[in-house]
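Note sheet for the following structure.
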2 protein chains.
Amino acid sequence: MFGSYIRKLRKERGLSLRKLAEAVTVEPSYISKVERDLVAPPSEETIKRISEVLEHDADVLLAVGGKISSDLRQAIIKRPELFSRLIRVVNEAPEDLVVRILGEVQDGEW
Amino acid sequence: MFGSYIRKLRKERGLSLRKLAEAVTVEPSYISKVERDLVAPPSEETIKRISEVLEHDADVLLAVGGKISSDLRQAIIKRPELFSRLIRVVNEAPEDLVVRILGEVQDGEW
DNA sequence: TGTAGTGTGTATTACATAGTACACAAATGT
DNA sequence: ACATTTGTGTACTATGTAATACACACTACA
């Protein structure tokens, strides 16, 4: 999944596999294997560099690779009761509702 | 950190290291090393078993061990834009405010 | 004074993670 | 025709993760 996802992105950017590899500072053969899903998705750091080169949301790319950004992990780990509850509750709630809450929290309407 | 944390819990429960090890189905020497932080915290599965035996919140124990429950990870990974934003926004907000939001979302007051 | 239970030390292991290094073949450009 | 670029195949490696296995020494206790 991750492989085909970034291969498509790369082609849309008109970038060769080798150019991507160079920009990300990994071996071309590694990108080749990654794009065909012959190996597991790269590390968090490498995925983040890929997201910059391909100009794609890092959180989404990490998620496609089955990972979570370490700053999110740290936030959760620092207040586990709060965030565990929050995530589980929100996960049950319909998305549009959550989006509305988010907007209001952000706008300081509380 | 994790080690001293569970050692304290275990003593409070009046449990011997070996009894804990047996209940968790790992080697006593392993628990010994874990409790003195000579090795990294156990796997998610093992921490969850420890949390049951010691009757302590699993999310908190996982967090002390630097981990996040896989069900939370899956929730985030399925809707990365939503949850990444949510976590970052909430992380900036004061806790009491977040707790109030949580309560209201739960109570279906939206 | 054994023997049962306590915690610990040392050595080892299986598997996963995250890649590198380098050679090769096909297509493209000039 | 030749050089360059493109993607790929094969082999190898270093580090981390998550433990096991077993022997040892100390304390309690009956």
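So that the names make sense, note that chain A is the first sequence line, chain B the second, and so on, each numbered from 1.
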Could you walk me through whether B:D59 and A:R85 pass the salt bridge (charged side-chain N to carboxylate O under 4.0 Å, His left out) check? CA-CA 10 Å; B:D59 291 312; A:R85 272 187 66 205; over 6 Å; no
Rounded to whole Å, CD1 of B:I47 lies from C1' of D:dA19 at a distance of 13 Å
For D:dA19, take OP1 and OP2 only and decide whether either is under 4.0 Å from a side-chain N or O of B:T46. yes
Going 5' to 3' along nucleotides 3-9 of chain D, which nucleotides have protein heavy atoms under 4.0 Å from the base (write B), which only from the sugar-phosphate (write S), and which from neither (write -)? ---BBBB
Is a side-chain N or O of A:S84 found less than 3.5 angstrom from the main chain of A:P80, in a donor-acceptor match? yes
State, with a plain yes or no, whether a side-chain heavy atom of A:K48 is found less than 4.5 Å away from one of A:S70. yes
Determine, using the 4.5 Å side-chain heavy-atom cutoff (strictly less than), whether B:V34 and B:L62 are members of one ILVMFWY cluster. yes
Value for CD (A:E35) from CG (A:L20), rounded to nearest 0.5 Å, stands at 6.5 Å
Can you tell me how far P of C:dA18 sits from CD of A:E45, to the nearest Å? 9 Å
Assign A:V39 to base, sugar-phosphate, or nothing according to its heavy-atom contacts below 4.0 angstrom with the strands shown. nothing
Separation of C:dA21 atom P from A:I31 atom CD1, nearest Å, is 15 Å
Computed from five pairs at either end and rounded to 10 degrees, the angle between the axes of the helix from C:dT1-D:dA30 to C:dT30-D:dA1 is 0°
Using side-chain heavy atoms (C-beta onward) and a distance below 4.5 Å, is B:I68 in contact with A:F83? no
Between P on C:dA23 and CD on A:E27, what's the gap in Å once rounded to a whole number? 12 Å
Between A:L17 and A:S32, is there a side-chain heavy-atom distance shorter than 4.5 Å? yes
Any carboxylate oxygen within less than 4.0 angstrom of a Lys/Arg side-chain nitrogen, looking at A:K8 and A:E12? yes
How many Å lie between CD on B:E44 and P on D:dA19, as a whole number? 11 Å
